[in-house]
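Only heavy atoms go into these numbers, but all of them, side chains included; no hydrogens, no water, no symmetry mates. A note on names: the letters A, B, ... follow the listed sequences, proteins ahead of strands, and every chain is numbered from 1.
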2 protein chains.
Amino acid sequence: MKLEEGKAKFIQSWGTLGSAWGVNRTMAQIHALLLITPEALSAQEIMDDLKISLGNANMNLRALVDWGLVYKQLKAGERKDFFIAEKDMWDVVRKIAAQRKKKELEPVLKILNEVAEVEGSGIEAEEFKKIITEIQSFSQRADKSLDTLIKADSNWFLSTFMKMMK
Amino acid sequence: MKLEEGKAKFIQSWGTLGSAWGVNRTMAQIHALLLITPEALSAQEIMDDLKISLGNANMNLRALVDWGLVYKQLKAGERKDFFIAEKDMWDVVRKIAAQRKKKELEPVLKILNEVAEVEGSGIEAEEFKKIITEIQSFSQRADKSLDTLIKADSNWFLSTFMKMMK
DNA sequence: ACTTTGTTTCAGAATTTTCTGAAAGTTATG
DNA sequence: CATAACTTTCAGAAAATTCTGAAACAAAGT
């Protein structure tokens, strides 16, 4: 396989993976392109490469920077912004986990706390509270696990991975 | 909070969470409704409750049954199918993980194997291979971890959770 | 073998998400 | 301070996803 073909395939595949993971397709493709590009790229180069509009490139780059998956780099003597990707996969996963925990898990926990207090003492209300409590305790455990994961460094991941495996 | 209000809130919230997780909104809402309903429900009851069409209810119920998140139950003397949810949260997570591993992670691993073999010995090709190899090894580790998780039972989860925490 | 009850399918409609392109905004430079 | 280089914003367009309703299908009862 030719290098160009390999690059295109990887970008395409990463885009698909991303869209299944709450990162939109283009956002993931930009990330993929930056991952496999050793030097920093300008918005213009990204646009041209992925055949997307300037507006689209700009919005998704900003989101990537917000998520901490891409860094803005200023080159001396250049007015343009350049972008490079975070290339440590472990860091990438942690950052995505942090975003999604905040955006998705935390709101659910809040709702669970609220609905756990429904009034009524009928059998129906009891059943409802029972299952809500179970989901709640599971979610809290997931929340704490994510906290650990988000704070942990790469070595921790490796060692937990080893523990899991045995 | 009234029971009815609590139920509605939970269904709504679970729908939102689901749609962020590759399970479509309605599918997650049906699952939520079944979770908080002690007895099995018919397609008709689900339709009425969530105000969705029969076609929609049918398609999403089938998907839930495929995923193993909901079971079809036949009641003696009834021609209708009835549905109950898998209520063990740990099992729910495992089943979702299994589906997503197959649908998302495995195709990416395949592509990574392919593109890892690009020809060319320039510095560009070397850099490309280097990052691909890193992503590959990370993904393989994730793949194996997921296998362990999918096979494991609830006690394993608890004990790994404890290990992670210390 | 007809009717009734229930399920499945799927084309087009509705909705949601993402993208474009042009205009407005910002900052550096002569 | 005028112009050029670049970035940001956002309304409407385009694309992708999900939903509906009606028709086809299936199975059981009479």
*Asks:* At less than 4.0 Å, is any side-chain N or O atom of A/Thr26 found next to OP1 or OP2 of C/dT18? Yes or no.
*Replies:* no
*Asks:* Rounded to whole angstrom units, what separation is found between the CD atom of A/Gln29 and the P atom of C/dT18?
*Replies:* 13 Å
*Asks:* Take atom CZ of A/Phe82 and atom C1' of D/dC6, then tell me their distance rounded to the nearest Å.
*Replies:* 11 Å
*Asks:* Please determine, by modelled atom types, if B/Gln136 and B/Asn113 share a side-chain donor-acceptor pair under 3.5 angstrom.
*Replies:* yes
*Asks:* So, does the side chain of B/Arg25 form a donor-acceptor pair with the base of D/dT18 at under 3.5 Å?
*Replies:* no
*Asks:* Whole Å only: how far is the CG atom of A/Leu61 from the P atom of D/dT7?
*Replies:* 10 Å
*Asks:* With a 4.0 Å limit, can you tell me whether A/Arg62 has a side-chain N or O closer than that to the phosphate oxygens OP1/OP2 of D/dT9?
*Replies:* yes
*Asks:* Take atom CD of A/Glu78 and atom P of C/dT27, then tell me their distance rounded to the nearest Å.
*Replies:* 19 Å
*Asks:* Let me know the distance between CG of A/Asp81 and C1' of D/dC6, rounded to the nearest Å.
*Replies:* 8 Å
*Asks:* Can you get from B/Trp14 to B/Ile96 by hopping between Ile, Leu, Val, Met, Phe, Trp and Tyr side chains that sit under 4.5 Å apart?
*Replies:* yes
*Asks:* Under a single-linkage definition using a 4.5 Å side-chain heavy-atom cutoff for Ile, Leu, Val, Met, Phe, Trp and Tyr, are B/Ile30 and B/Leu54 assigned to the same hydrophobic cluster?
*Replies:* no
*Asks:* So, does A/Asn24 get its side chain near the phosphate of D/dA16, meaning an N or O under 4.0 Å from OP1 or OP2?
*Replies:* no
*Asks:* Quick one: which of C/dT4, C/dT8, C/dT9 gets closest to the side chain of B/Met59?
*Replies:* C/dT9
*Asks:* Any residue in residues 38-58 of chain B with a heavy atom nearer than 4.0 angstrom to DNA chain C? Just list them by number, or reply none.
*Replies:* B/Leu54, B/Gly55, B/Asn58
*Asks:* How far does CG of B/Leu146 sit from CD1 of B/Ile150, to the nearest 0.5 angstrom?
*Replies:* 5.5 Å
*Asks:* Examine the side chains of B/Glu45 and B/Ser42 and answer whether a donor and an acceptor come within less than 3.5 Å of each other.
*Replies:* yes
*Asks:* Round to the nearest Å and state the distance from A/Arg79 atom CZ to D/dA4 atom P.
*Replies:* 12 Å
*Asks:* Take atom CD in B/Gln99; do more than 12 heavy atoms of anything else shown fall under 6.0 Å from it?
*Replies:* yes
*Asks:* Quick one: is the NZ or CZ of A/Arg62 closer than 6.0 Å to the six-membered ring centre of A/Trp67, and within 45° of its axis?
*Replies:* no
*Asks:* The side chain of B/Lys80 is closest to which nucleotide in this list: C/dT4, C/dT7, C/dT27?
*Replies:* C/dT7
*Asks:* Measure CE/B/Met27 against P/D/dT18 and give the value in whole Å, please.
*Replies:* 10 Å
*Asks:* Roughly, in whole Å, what's the span from CG in B/Leu64 to P in D/dT18?
*Replies:* 13 Å
